[in-house]
Every structure is written in structure tokens, then in C-alpha cells.
There are 2 protein chains.
Amino acid sequence: MNLTRADDGPSPGLNCGRRNSSSSVGFCRKCAVQTRAFCAALDDAALAQLEQLHTICDLADEENLFTEGDPAAAFFTVLKGALRLSKSLPDGRRQITGFALPGEFIGLAAEQLYVHNADALTDVSLCRFSILDLERIGEEFPKMNSRLLAMTNSSLSLAQDHMLLLGRMNALEKTANFLCGLIDRAAAADQPTDPLALPMCRADIADYLGLTIETVSRTFTRLKVDKIISLPEHNRVRVNDTAALLRLAEG
Amino acid sequence: MNLTRADDGPSPGLNCGRRNSSSSVGFCRKCAVQTRAFCAALDDAALAQLEQLHTICDLADEENLFTEGDPAAAFFTVLKGALRLSKSLPDGRRQITGFALPGEFIGLAAEQLYVHNADALTDVSLCRFSILDLERIGEEFPKMNSRLLAMTNSSLSLAQDHMLLLGRMNALEKTANFLCGLIDRAAAADQPTDPLALPMCRADIADYLGLTIETVSRTFTRLKVDKIISLPEHNRVRVNDTAALLRLAEG
DNA sequence: CGGCCTATTGAATTTCTTCAAATAGTGTGG
DNA sequence: CCACACTATTTGAAGAAATTCAATAGGCCG
């Protein structure tokens, strides 16, 4: 069988729909995140077929990829950059439910509508698949469905960890946990951790931890005063006492 | 192909391992939750095969099904009753991440270990599958994997809603949201909603909402004083002003 | 250099928690 | 069937943590 790409109309994002796939055969095999993404389950032959279905999609800093309630036309693998996933209450209060990093996929919804907002935190590059192709992909490549399931389960587990944080940790523990999580993920992506980069602003951190920006700021200051971290720049953290930070992060 | 059941040793729970399947052919087709459970994706022939793999498992009130960190040997569909899913910090602070009701499945972990605790809230009856069979089930019945994926995505969406609640709602909104959610689920399961049953105690509600039992109690009292609800019994709620409750629940 | 945005700091206030006590409900043994 | 004990729930008062409002400091860009 030869899979052909479903045409599902225009995509969000300025640069969505570029077709790297058709111009460069073997694109997927050279993909930087291929070993971590959901397509890691596939062998070369299957990968070559899947390659026909994807498009590349670029977003600038702060650009919106999709919004809660939008028809869910596509799902994405993050190739480069980071996105912010969030939900909001009618009056504007916002909860960031997670940050999507390279290798992770976003946009799979149980129903036909996206369940949260996705916004670019940095310049972002995405690998896009039509949701119309998902069912066929699943039937053609059962391994892929298993992998999607495993990755979704892993997101669910992270979500549950985060519920514990939101419901039962204090500001200091939340912040320490956030920093430890960032360090782990930076390390996993072979990015520097000693001066750890904070790709998001205080408001994003606050909305991720269920705090206000003032409380986040005060908590950073407290960690600084206690000599557990230092802040060479607003968006850069140096951890002086990893053990102490971990102790706080565990509750 | 004929699927045979993987033997993975003893199961938790007093009455685990009863083999209804072998004694009554067509058991699955008569199952009360079959249309809602993950096996709803299967046709009769596939269902008959799957039937060979399951065992029935009963738990008494407050009994533990599995604990965070246990080897994940099996996953379950709730047939009857309700379970409490929770995670805890080392010092005992607990967050209930959800309640599992009939038709839902629990125990699927991305890694080999369970990621949370599951305890019976009432007497519970479960349909048990060995995790060893999962991979084969997925390959044999691709539709089943799609359905598992959709159901997991739906759990993930609920988890994200709950993060918004935990991080950004106040006690009144949290409680109203909790009650509205219970009403919806009771209605979906064709259970009475006017005197709505609360199968869990105040401590469980508190740990679900990220509050203390005292705050939950005070909030119930406040809703009562405002004539939005009444409490004929501690475990029974009557909603007098659904519109007001919904308004609060939305934030 | 000035303006603008983000982050930090301070003071007052609110919400929720903690600690303590009273009340209601439930089950048990006599 | 009742008294008693035990537990769950409610209520009250004091305290703590985080928020809100307000002002200041630090960066960045034109």
C-alpha cells in the first residue's frame, strides 16, 4: 500500500505547509528527533512511507499554533524550540499545563477539537501530520499506535505529577521542582545545565506553578539568599546546591 | 490465530483471578460496560478471542488494587464501583488525581511500574488483563489500540482540566466544579442525580481539590447558606440552583 | 538618554490552613 | 433497644502563606 497525504486545507502558522518531504527523500531518517519521536517505532521502509504524509511548519516566537476549541485538523512533533500548552478560565486566569520540547508530540485530541492552547515560546519548527491520516497510519503501522499510546501515557503521568505539585506543594517546593525538571530535560536534550536557560518569562513560570509572578520572584530571591541558586541574568540560573534543591523539590 | 492468556502470577486483591471467561462463553458480550469500555472497538469475533484473556477481580471497600512503584503486571477495566487514584509526597501529603468509574480503564503505565495508587472507594469489580497480553492485543486488533489511545487522550484532557482547577480556582469554584463533574458522570452512568450520592469522604474530596477537609466543609456550608445546595445527609447532595452552581464551576 | 517592559521589593489584605473543640453519625456490646 | 465508643464532619479562632496593590529597579531598544 502507498499512503497518500490527506489534503485538509490551510494550516495555522506563517510558514506551515512547506513540503520538505517531497524534495528530499530520506528527510525523516536524518531528522534530529527521530529516535525520540513517535516515529521511532518505525523501520526504514515504513518511515519512507510516513515521510510522504508530513509537512514542515515554522512558528515565530510567541506565535499561536492552535487554540482551545479549534477544530483539531493536525497533530505535530516538535523538531526545534519549545511551546507553551495552556488552558484558561473565562476571566483570563491561565494555567500552563506543560511545555512541549523537541521530540514530543502535541495536538492529539480525543474529540475533534483541540483541548488547550499551544503557543511558541521560542522560534519553533514542527513536523505536521493531518489528523485524517492518523487512523490510516494506525492501521498500517500498529507499532506506531503502541508508541503513541506509550507517549500519551507518559504525558498523563507527567500531568499527574503536576497535579500533585499544584495541589499539595508550597511555593518553594513548586519552584525547586520546576527548576529540577528543567535541568533534567535540558540534560536529556544535551543542552547546557550549569548556567541553565529559562526560555520562559516569570508570568509563564507563575502560570505553570499556580502562583503569581510576585511569588515566583520572591521565591527565586529566597533560593538566592539561601545560596541554593544564583541568577546571573533574569533568564539564566546557576544551581549551587543541587542536593538542597532536590530535597526541596521532593517535598 | 488463537490468543492464549499469559500467566503472570498472582494478582492483588482478595478475589483476583476468578475465571468467569472460561465458564460462560459470551460473558463479554453481556458485560454491562462493554459499550463504554476499551473493548467497545471490537466485533463479536474479536471479543470472543479477547474474552479468553481476561479474569475477573473483586475488591472490598478501601482495599488497595496497586501502589505507585509496584511492577505493572496488569491493567483493568472497572466493571462496578469506584476507585481512587492518588499520588503522595514522602511526608504523606496526598493528591487524588482522579476517580475511576465503570467503563474506564486504569493501570496502563508507560514504563514497567505503576505511576499512582489505586484504592477501592466502594466494593469494586474489575476486568483484568495481563500487561504481557497488551502488545499482542494491539497487534491483533489495531482498532483496540486506537481506542486505548483515544481513551488515554481523554484522561489526559481531564487531567489538564484538573490542573486548571488546582492551580487557578478558589475553594468555592473548585467545590462547585467537583459537584458539577459528579452530576455529569452520574447522569452519564444513569445514576440518580437529584439526591446526588457522594461515594467519597471529605478527606478524599479535599485531597482531590487540593484543599483541607475543613475548607471543604466550610465551602459546603457556604453553598448551603447561599441556598445553592442542600445536604440531606453528609454523603448526599441536592442541588437547588443548578445555574448558580454551574456559574461558579466555570470560574 | 528616555521610554517601555519585565522583574523585584514592600506593605496591606485575603484566603486558606492549622489547631482546637463541639456535634452528628455509625456501629457494637450489653 | 439503648448506652457507649469511635469516627467523620462541622464550626470557631488564630495564624501563615500567598495574593493584591503599589512602587522601585533593571534591561533593552529606539
Do Phe129(A) and Phe38(A) have their ring centres less than 6.0 Å from each other? yes
What I want to find out is whether Arg238(B) reaches Asp194(B) closely enough, with some N-O distance under 4.0 Å, to be called a salt bridge. yes
Please list, in 5' to 3' order, the outermost nucleotides of DNA chain C lying under 4.0 Å from any heavy atom of chain A. dA7(C) to dA11(C)
Side-chain atoms of residues 215-222 of chain B: list all donor-acceptor pairs with protein atoms under 3.5 Å, sequence neighbours left out, distances to 0.1 Å.
residue: Thr215(B); atom: OG1; partner: Thr212(B); partner atom: OG1; Å: 3.0
residue: Thr219(B); atom: OG1; partner: Thr215(B); partner atom: O; Å: 2.6
residue: Thr221(B); atom: OG1; partner: Ser217(B); partner atom: O; Å: 3.0

Donor on one side chain, acceptor on other, Thr152(A) and Asn153(B), under 3.5 Å: no
Remember a base hit wins even if backbone is also touched, and classify Leu211(B) as base, sugar-phosphate or nothing at under 4.0 Å, heavy atoms. sugar-phosphate
Which of residues 162-181 of chain A sit near DNA chain D, with a heavy atom under 4.0 Å from it? Asn170(A), Ala171(A)
Going by atom types only, do Thr122(B) and Asp61(B) share a side-chain donor-acceptor pair under 3.5 Å? no
For DNA chain D, find the residues of residues 216-238 of chain A with a heavy-atom distance under 4.0 Å and give them by number; none if there aren't any. Arg218(A)
Atom pair CD1 (Ile229(B)) and CG (Asp241(B)), whose distance is rounded to the nearest 0.5 Å: 11.5 Å
Supply the atom-to-atom distance Arg168(B) CZ to Met163(B) CE, rounded to the nearest 0.5 angstrom. 13.5 Å
Any salt bridge linking Asp58(B) with Lys80(B)? Criterion: basic side-chain nitrogen under 4.0 Å from a carboxylate oxygen. no
Parallel, tilted or perpendicular: rings of Phe27(B) and His54(B) (30°, 60°): parallel
Determine whether more than 12 heavy atoms belonging to other residues, nucleotides or ligands lie under 6.0 Å from atom CD of Glu62(B). yes
Please work out which residues in residues 82-89 of chain A have a non-hydrogen atom less than 4.0 Å from an atom of DNA chain D and list them by number. none
Interface limits on DNA chain D, where chain B has a heavy atom under 4.0 Å of a nucleotide atom: dT9(D) to dA13(D)
Gap separating the CG atom of Asn177(A) from the CE atom of Met169(A), nearest 0.5 angstrom: 4.5 Å
Can you name the nearest heavy-atom pair linking Phe105(B) to Thr77(B), along with the distance? CB-OG1, 4.0 Å
Under a 3.5 Å cutoff, is there a donor and acceptor pairing between the side chains of His116(B) and Glu68(B)? no
N-O pairing of Glu173(B) and Arg247(B) below 4.0 Å: no
Gap separating the CG atom of Leu166(A) from the NE2 atom of His162(A), nearest 0.5 angstrom: 4.0 Å
